[in-house]
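Written out below as structure tokens is the structure these notes cover.
Heavy-atom basis, side chains included; hydrogens, waters and symmetry copies ignored.
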Amino acid sequence: MKAKNSKAETETREILVPHFEGEKFTPPIFALVSAVIGGLLFHFAFDPYGLWGLLPLALGALFFASFTRRASVAFVSGLAFGISAFIPLFSWASIYAGLGPHLALAIFEALYIAVFSVLARFILVRRGIRFSSSVGIACLWAITEFARATVPWGGLSWAMSAFAYADSPLLNFGPWLGVTGLGAISGLLGAYALSTVGALTFRRARGRNGVHAVWPASVAIIIVLCALVTPRPANSVDAGHHSLRVAGIQGNIERPKAGSYYIPDTMFDNHVEQTRDFLAGGGHARLIVWPEDSTGWDVQNNHERMATLQQLARDAGAPLLVGTQSPDGEKARMNTSILLDAEGPTGQEYTKRHPVPFGEYIPQREFFSKITDKVSLVERDMTPGTQVGVLDLSGTEVGVLICFEIAYEQSVADTVNAGAELLVVQSNNALFLDSNESVQQLAQAKVFAVISGRSVVHISTVGDSAIYTPEGRKLASLDHWTEGTMVADVPVRTGLTPAMEHGVVIRGIIAALAGVVLLASLLAPPRTIKERRSRP
């Protein structure tokens, strides 16, 4: 019988190590904590807090959490970031549809961040924390946001990075780069935040020490300083007119019950009364705008209400642009803006092209009705319009968007490229009660005023409402749950910003850069070492 070998046997296995010697992967628990903190910081970057400087730090925390040994940890960390960011950012969904749909929406949107985190980890593991990785991750972040705002069913563009910059100098980049470009700038600043932390904590890598934290931090500061002095693109004025006097009527209503889809009849009456008060006080305008849903159901077939509107237009000596819902067959409906004067509808109208899935229509209704009874809250699906909303007002081209459409870059670009010289956004925020939905939507209006180079008249049934110039300057406003009229001589512009004219090309370049870095990362072999372990 052979004597037992007293020596311990050894086995060899390959383990993944960071790209540069001395760099360290983020431990799983640290990755999860960093992701949750980053998600909360992301939330506070948006209105009503408006702490936009937290956004790069939030993304830096996400990238730090993504730099882990295992892809599964990166996925969970990205999911944690998205959930901690989107649950508070989408709190209005809970008021509108209940807690279940609110949580489902936040988790679904967080899946995009989880996939991004896995891809970001792949780049960092294969290439390390370096300039090319920073560019790749920044562009990948921007494309992830674009995907989230596009698919499925038209996507959800809420909480895109650009909308945190309503009061930031970084918005000056907007007319040149658009929403996706601002997302890439956000990602780049976040990558430099990661580089700064990396230089401070991974000091053995290539002989790095604390001094190496200076250059990424400095570059991030320089980017912000450059934004302060970035000129705006040339934006020509039509020789025939420089401005259009517009009045926005906010009639207000009593607060609906949470979860109610019912709009009281006082909506119409309140807007009539407020318009009469405006005219009785000597107010005048070349266009009077009422919000979305302000005339109730199928106003063109309600002779009494239509007669009232015609009389208001006659008294004002100006047309009214009003919002209404109308039937489309027996089971569908349309959300329409109608331009009318003293003679009635002028024949110029716009039907909302981008209905909100699960809010205004139920995709795959049969399937989702088996999962939740909430689909019954939307009794009639909204039929999308097919024509871009540009109305001719005595030679001035007025672009029309309805509610959430102001959050979609392509909807805005289509309208501007079709000839709109100013934008009118009609919204009904009443069903979101006291949530932050209205102030977040108003921030989107300001951001797109600057990006599009067009004045934006954003009028809501209950607020918040405001008029912004193409430079983002506020001309007039109305607070939440108040009745009133805002009126201003709204600047009219005809020039096209690069973001509007070349938006597809800009997104293509950003996507190409992300793809190149991903491909280079794929071609670079993972760095491993052989580890010997003893076992009995």
Are side-chain heavy atoms of Ser394 and Arg286 found at a separation under 4.5 Å?
yes

Rounded distance [0.5 Å steps], CD in Glu437 versus CG in Leu89:
12.5 Å

Is a donor from one side chain sitting under 3.5 angstrom from an acceptor on the other, for Asn417 and Glu501?
no

Are side-chain heavy atoms of Lys446 and Asp167 found at a separation under 4.5 Å?
yes

Does a side-chain heavy-atom distance below 4.5 Å link Gln410 with His354?
no

Using the rule given for side chain to side chain donor-acceptor pair (under 3.5 Å), can you reason through Gln387 versus Thr351, listing the C-alpha separation, both sets of side-chain angles and the distance that settles it, and then say yes or no?
CA-CA 7 Å; Gln387 301 296 319; Thr351 298; over 6 Å; no

I'd like to know if the side chain of His458 pairs up with that of Gln441 as donor and acceptor (distance under 3.5 Å, no hydrogens or angles considered).
yes

Residues in side chain to side chain contact (heavy atoms under 4.5 Å, CB included) with Val505, at least two apart?
His502, Ile509

Between the side chain of Thr266 and the main-chain N/O of Ile253, is any donor-acceptor distance below 3.5 Å?
no

For the backbone of Ala159 and the side chain of Arg148, can you confirm whether one donor and one acceptor N or O come within less than 3.5 Å of each other?
yes

Heavy atoms only: give me the nearest Asn270-Gly251 pair and the separation to one decimal.
CB-O, 3.4 Å

Give me the atom names and distance for the closest heavy-atom approach of Ala418 to Val390.
CB-CG2, 3.8 Å

Please check if any side-chain donor atom of Gln325 sits under 3.5 Å from a side-chain acceptor atom of Asp293, or the reverse.
yes

Short question: side chain of Tyr112, backbone of Ala149 - any donor-acceptor pair under 3.5 Å?
no

Measure the spacing between CG of Leu423 and OH of Tyr468 and express it to the nearest 0.5 Å.
14.0 Å

Would you please say whether a donor-acceptor pair under 3.5 Å links the side chains of Thr383 and Asp328?
yes

I'd like a table of donor-acceptor pairs (distance under 3.5 Å, sequence neighbours excluded) in which one partner is a side-chain atom from residues 47-56, with atom names and distances.
none

Quick one about Gln250 and Ser465 (side-chain donor to acceptor, distance below 3.5 Å, no hydrogens or angles considered), yes or no?
yes

Output, in order, the C-alpha distance, side-chain angles, deciding distance and verdict of side chain to side chain donor-acceptor pair (under 3.5 Å) for Ser326 and Asp298.
CA-CA 4 Å; Ser326 56; Asp298 199 13; 5.1 Å; no

Main-chain N/O of Gly395 paired to Asp392 side chain as donor or acceptor, under 3.5 Å
yes

Between Arg454 and Ala420 (side chain of the first, backbone of the second, donor and acceptor by atom type, cut-off under 3.5 Å), is there such a pair?
yes

Establish, yes or no, whether a centroid distance under 6.0 Å links the rings of Trp158 and Phe404.
yes

Please check: side-chain N/O of Thr482 versus main-chain N/O of Leu478, any donor-acceptor pairing under 3.5 Å?
no

Heavy-atom side-chain proximity of Val246 to Val487 below 4.5 angstrom:
no

Using a distance-only test with no angle check, is there a side-chain donor-acceptor pair under 3.5 angstrom linking Ser161 and Trp141?
yes

Do the side-chain N and O atoms of Glu349 and Ser337 include a donor-acceptor pair separated by under 3.5 angstrom?
no

In terms of relative ring orientation, are Phe90 and Phe86 parallel, tilted or perpendicular, with 30° and 60° separating the classes?
parallel

For Ile249, run the side-chain contact (heavy atoms from CB on, under 4.5 Å) check against Asp277, Thr485, Val289, Leu320 and tell me which one passes.
Thr485

How about Thr469 and Glu471: does a side-chain donor come under 3.5 Å of a side-chain acceptor?
yes

Is there a side-chain contact between Ser427 and Pro291, using heavy atoms and a 4.5 Å cut-off?
no

Over all heavy atoms of both residues, which pair between Trp92 and Leu105 is shortest? Give the atoms and the distance, please.
CH2-CD2, 4.4 Å

Any donor-acceptor pair under 3.5 Å linking the side-chain atoms of Trp290 with those of Thr461?
no

Would you give the length of the straight line joining atom CD1 of Ile113 to atom OG1 of Thr144, rounded to the nearest 0.5 angstrom?
7.0 Å

Check: Gln311/Asp315 side-chain N/O donor and acceptor closer than 3.5 Å:
yes

Would Phe81 and Phe63 count as a close aromatic pair, with their ring centres under 6.0 Å?
no

Check whether any side-chain N or O of Arg232 sits under 3.5 Å from a backbone N or O of Thr497 as a donor-acceptor pair, and report yes or no.
no

For a quick test of reading the model, state the closest non-hydrogen atom pair linking Gly323 to Thr295 and the distance between them.
O-OG1, 2.8 Å

Could you work out, with side chain to side chain contact (heavy atoms under 4.5 Å, CB included) as the rule, every residue matching Arg305, not counting sequence neighbours?
Asp265, Phe268, Val299, Asn302

Pairwise side-chain contact, Leu62 with Phe116, heavy-atom cut-off 4.5 Å (strictly under)
yes

Would you say Arg314 has more than 12 foreign heavy atoms packed within less than 6.0 Å of its CZ?
yes

Residues at least two apart in sequence or cross-chain that pass side chain to side chain contact (heavy atoms under 4.5 Å, CB included) with Leu103, listed by chain then number, are Ile87, Leu99

Could you work out, with side chain to side chain contact (heavy atoms under 4.5 Å, CB included) as the rule, every residue matching Thr346, not counting sequence neighbours?
Leu339, Asp341, Gln348

Please check this pair: side chain of His480 against backbone of Leu433, looking for a donor-acceptor N/O pair closer than 3.5 Å.
yes

In plain terms, say whether Arg333 and Glu360 are close enough for a salt bridge, that is, a side-chain N and a carboxylate O under 4.0 Å apart.
no

Show me the donor-acceptor pairs within less than 3.5 Å that the side chains of residues 175-185 make with the rest of the protein, sequence neighbours left out.
unit_1 : atom_1 : unit_2 : atom_2 : d
Trp176 : NE1    : Pro231 : O      : 2.8

Is any side-chain N of the basic residue among Arg255 and Asp434 closer than 4.0 Å to the acidic one's carboxylate O?
yes

Test side-chain contact (heavy atoms from CB on, under 4.5 Å) applied to Arg245 and Val490, Leu287, Asp489, the passing residue:
Asp489

Any Gln426 side-chain heavy atom under 4.5 Å of Val424 side chain
yes

Pairing of Arg353 and Asp414 as salt bridge, 4.0 angstrom limit:
yes

Shortest non-hydrogen contact from Val400 to Thr415?
N-CG2, 4.1 Å

Beyond-backbone contact of Phe163 with Gln440, side-chain heavy atoms, under 4.5 angstrom:
no

Side chain Gln310, main chain Ala342, donor-acceptor under 3.5 Å:
yes

Which atom of Ala407 lies closest to which atom of Gln444, heavy atoms considered:
CB-OE1, 3.3 Å

Mind checking the CG-OG1 spacing from Leu422 to Thr494? Nearest 0.5 Å is all I need.
12.0 Å

Steps toward side chain to side chain contact (heavy atoms under 4.5 Å, CB included) verdict (Met486, Ile459)
CA-CA 9 Å; Met486 59 181 191; Ile459 183 67; 4.1 Å; yes

What distance separates Ser186 OG from Glu145 CD, expressed to the nearest 0.5 Å?
7.0 Å

